[in-house]
Amino acid sequence: KEETKQLDVVLESVKSLYKKKLRPLEKAYRFGEFYSPMLSDADFDAAPMVLLLGQYSVGKTTFIKYLLERDFPGMRIGPEPTTDRFLCIMHGKNERCIPGNALAADAEKPFQGLNKFGVSFLNHIECAEVSSPILSKITLIDTPGVLAGEKQRVGRAYDFPKVVEWFSQRCDRILILFDAHKLDVSDEMKRVIEVLKNSDNVRVVLNKADQVTSQQLMRVYGALMWSLGKVFGRPEVLRVYIGSFWDEPYKNTENIPLFQREREDLLNDLRSLPRNSTLRKINELVKRTRYAKVHAYICNHLRGQFGMFYKQSKQEKLLKSMLQEFKTVSKQHGLPPGDFPDVNRFRSSLERFEVWKFPKLYSGQMQTLEKVLSKEIPSLMKILPIVEQKKLEYANSTGGGGTGDDGGNPFGRASDSTKAIQQPWVVSGPMKVKYDLIFHEQKLTSGGKLTGSNAKEFMLKSCLPASTLGLIWELADMDKDGLLDDEEFAVCVYLIEAIKSGAMTSVPAALPVALIPPSKRSIVKADQSDDFV
């Protein structure tokens, strides 16, 4: 597609800016050893990543299985702490597990930066390659359960919060899962949230919400928001999705409409990640450029404080007065304090270097970065709305209607599509209420749909031949996902009743427009969209 080519051009321009303008400065002043490692092509080319965090047995692995609608290599689910390692679930033609050391050595995957955590961590990470259409759009990162209580004293062989921070800098979305029965925030969870405080891509999932009643859910939600408010320490309220994300029927059905709406909101949020991926990468380049600019000014300022003698003692004095040095640099160059790093963390990183050996900073280097921020990045940003506008124009041009020619559908004119959308549904309001009552009496999945095996028993009660019921199922399953939602079920029951009453002598070869719910009349166009869930 033309818009895909344009996005590729934007992405290549972003990579070129980083390689030619920013990376040389990062290398000169060892930026990667103070912040995050230098970026590779794989970091830019990678699909959007979604990081899942939470205590053990809150449903992180089950949530991934729910999205993929299948098992995956390395999956272990149980009430005890089962996921003892980080697991990156990516798209691959052949299903396999890649050990951590091999994963970090693969230049085609965006995980080379994990080498800095050493073998002790690389022994606790794997990559599962799975042939799944969803994974061609996003990469999912499963994590070990956050420790709580006595288990915190055992510790890990690596710094868990720092690893989470590394992933958070590269992930498009971070989902923190809570069990409706596990709302406590442990010490390790507090440390993890501490490194996520400045991230704007954090969302919360209150899982297993069907295990409590409406009254209990209200109290659980209030307690969760109170706990999160204390830990995050900011006035903004995090978005919390409420539901039960697995393939079992709901235990308490009184909140099914709420769970279904929350599920759609969450899936829509995940759907938006691939479309916004290029914009996020530009945003990350801007942040990295600002941090690198401040870092270079700080290092150059400290370098200028040294004379010919007593360099080591001078460095010790500078380390002690680092906060004052930050203020000086900020005032000299007009840099906002928000762009400066944490003083204690910077001090501990700087202790490993001989500051007087850093190269001198020239004005031309800073002018190059200023040009990137003021001219080159904005020019790339102007291209993205054009791409989105072309997508909209393409959708409008292919949406049907208005041309008057007889091409496309051989059974009707394209000019009839607008009339079809406006045609009323034959399933009236009272009929829909009756069908909905029958629908919710069945065994539904957590997504609020009816599987074929669960529908079979109800459909056989009609005493119609199995061949007829099979044709009715094919027509009712309009999105061909092997499941029936409430509207598809209504069509199914309507057809059964029409055949039994004689209103229809046989099952039609295709659904008439009047039988298709208005929300489903663009189903063919929906199947051709870029959505992946």
Side-chain angles (χ1 to χ4, degrees), residues 1-28 31-51 88-92 98 103-116 125 127 129 134-141 163 165-174 199-201 270-293 295 368-369 371-373 375-388 530 532:
K1 291 180 182 180
E2 184 63 27
E3 63 267 15
T4 303
K5 292 180 181 179
Q6 288 185 317
L7 287 175
D8 289 341
V9 169
V10 173
L11 193 57
E12 287 299 322
S13 300
V14 171
K15 286 196 283 188
S16 177
L17 285 178
Y18 176 74
K19 285 180 182 178
K20 295 179 180 179
K21 308 291 178 67
L22 186 57
R23 188 183 173 99
L25 190 73
E26 289 187 358
K27 188 174 181 181
F31 179 82
E33 297 179 53
F34 287 81
Y35 297 87
S36 58
M38 289 188 289
L39 303 178
S40 63
D41 283 351
D43 290 305
F44 290 99
D45 297 332
M49 292 195 286
V50 179
L51 178 69
C88 309
I89 303 100
M90 306 182 70
H91 185 266
I98 304 174
L103 177 66
D106 190 346
E108 295 183 358
K109 290 184 170 56
F111 303 112
Q112 285 187 304
L114 293 172
N115 281 304
K116 75 176 201 174
I125 185 171
C127 175
E129 291 190 343
I134 294 175
L135 295 177
S136 64
K137 302 286 187 179
I138 62 173
T139 295
L140 302 169
I141 312 293
V163 174
E165 182 181 24
W166 186 92
F167 275 105
S168 70
Q169 293 168 349
R170 288 156 177 79
C171 286
D172 295 69
R173 183 68 73 238
I174 301 168
S199 298
D200 58 356
N201 56 355
L270 296 180
R271 286 187 187 107
S272 70
L273 297 181
R275 294 194 289 269
N276 297 328
S277 178
T278 303
L279 185 59
R280 186 197 67 85
K281 287 168 183 174
I282 292 176
N283 183 60
E284 289 301 314
L285 179 65
V286 171
K287 288 201 299 186
R288 196 174 179 96
T289 303
R290 291 173 67 97
Y291 287 143
K293 182 175 77 168
H295 177 75
T368 299
L369 291 190
K371 184 180 178 183
V372 169
L373 291 173
K375 293 184 178 180
E376 299 184 58
I377 293 292
S379 66
L380 292 178
M381 293 291 290
K382 290 178 182 177
I383 299 177
L384 294 179
I386 297 174
V387 175
E388 293 300 322
D530 290 333
F532 64 94

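Please read these numbers as outputs of a predicted model, since none were measured by experiment.
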**Request:** Begin from the C-alpha positions of L22 and V372 and carry the test side-chain contact (heavy atoms from CB on, under 4.5 Å) through to its verdict.
**Result:** CA-CA 9 Å; L22 186 57; V372 169; over 6 Å; no
**Complete:** Across all chains, not counting sequence neighbours, the side-chain hydrogen bond (donor to acceptor under 3.5 Å, both in side chains) partners of K21 are E376
**Prompt:** Where do A107 and A42 come nearest, in terms of heavy atoms and distance?
**Reply:** O-CB, 3.4 Å
**Prompt:** Taking all atoms of both residues into account, what is the closest heavy-atom pair of P274 and L270, and its distance?
**Reply:** CD-O, 3.5 Å
**Asked** So which heavy atom on H91 is nearest to which on L135, and how close?
**Response** CB-O, 3.2 Å
**Prompt:** Atom OG of S277 and atom CZ of F44: how far apart are they, to the nearest 0.5 Å?
**Reply:** 11.5 Å
**Closest non-hydrogen atom pair, N201 against S168** = ND2-O, 4.1 Å
**Prompt:** Stepwise, does the side-chain contact (heavy atoms from CB on, under 4.5 Å) test hold for L17 with I377?
**Reply:** CA-CA 9 Å; L17 285 178; I377 293 292; 3.9 Å; yes
**Message:** According to side-chain contact (heavy atoms from CB on, under 4.5 Å), who are the partners of R280, at least two apart in sequence or on a separate chain?
**Reply:** D172, E284
**Prompt:** Does F111 have any ring-ring contact (aromatic ring centres under 6.0 Å, His included) partners at least two apart in sequence or in another chain, and if so, which?
**Reply:** none
**Fill in**
By side-chain contact (heavy atoms from CB on, under 4.5 Å), A104 pairs with (sequence neighbours left out) N115, L122
**Asked** Taking side chain as C-beta onward, heavy atoms only, is L25 less than 4.5 Å from F31?
**Response** no
**Asked** Taking side chain as C-beta onward, heavy atoms only, is P37 less than 4.5 Å from K116?
**Response** yes
**Request:** Kindly write out the residues that satisfy side-chain hydrogen bond (donor to acceptor under 3.5 Å, both in side chains) with S40, not counting sequence neighbours, or none if the list is empty.
**Result:** D43
**Item:** Pairwise side-chain contact, K15 with E12, heavy-atom cut-off 4.5 Å (strictly under)
**Value:** yes
**Asked** Who passes side-chain contact (heavy atoms from CB on, under 4.5 Å) against P24, sequence neighbours left out?
**Response** none
**Request:** Decide yes or no on side-chain contact (heavy atoms from CB on, under 4.5 Å) for Y18 and E26, but give the supporting numbers first.
**Result:** CA-CA 10 Å; Y18 176 74; E26 289 187 358; 2.8 Å; yes
**Request:** Go through I282 and V10 one step at a time and tell me if the side-chain contact (heavy atoms from CB on, under 4.5 Å) criterion holds.
**Result:** CA-CA 9 Å; I282 292 176; V10 173; 3.9 Å; yes
**Message:** Applying side-chain hydrogen bond (donor to acceptor under 3.5 Å, both in side chains), can you list everything that pairs with D41, at least two apart in sequence or on another chain?
**Reply:** K19
**R23 to L39 - nearest heavy-atom pair and separation** = NH1-O, 2.8 Å
**Message:** Checking D106 now: which residues fulfil side-chain hydrogen bond (donor to acceptor under 3.5 Å, both in side chains) with it, not counting sequence neighbours?
**Reply:** K109
**Message:** Applying salt bridge (charged side-chain N to carboxylate O under 4.0 Å, His left out), can you list everything that pairs with R173, at least two apart in sequence or on another chain?
**Reply:** D269
**Prompt:** Taking the side chain from S16 and the backbone from S13, do they hold a donor-acceptor pair closer than 3.5 Å?
**Reply:** no
**Counterpart residues, ring-ring contact (aromatic ring centres under 6.0 Å, His included), relative to F34 (two or more places apart)** = H295, F346, F353
**Asked** Can you find a heavy atom in the side chain of M49 that is under 4.5 Å from one in the side chain of C88?
**Response** no
**Request:** Working to the nearest 0.5 Å, report the span between SG of C127 and CD1 of I141.
**Result:** 8.0 Å
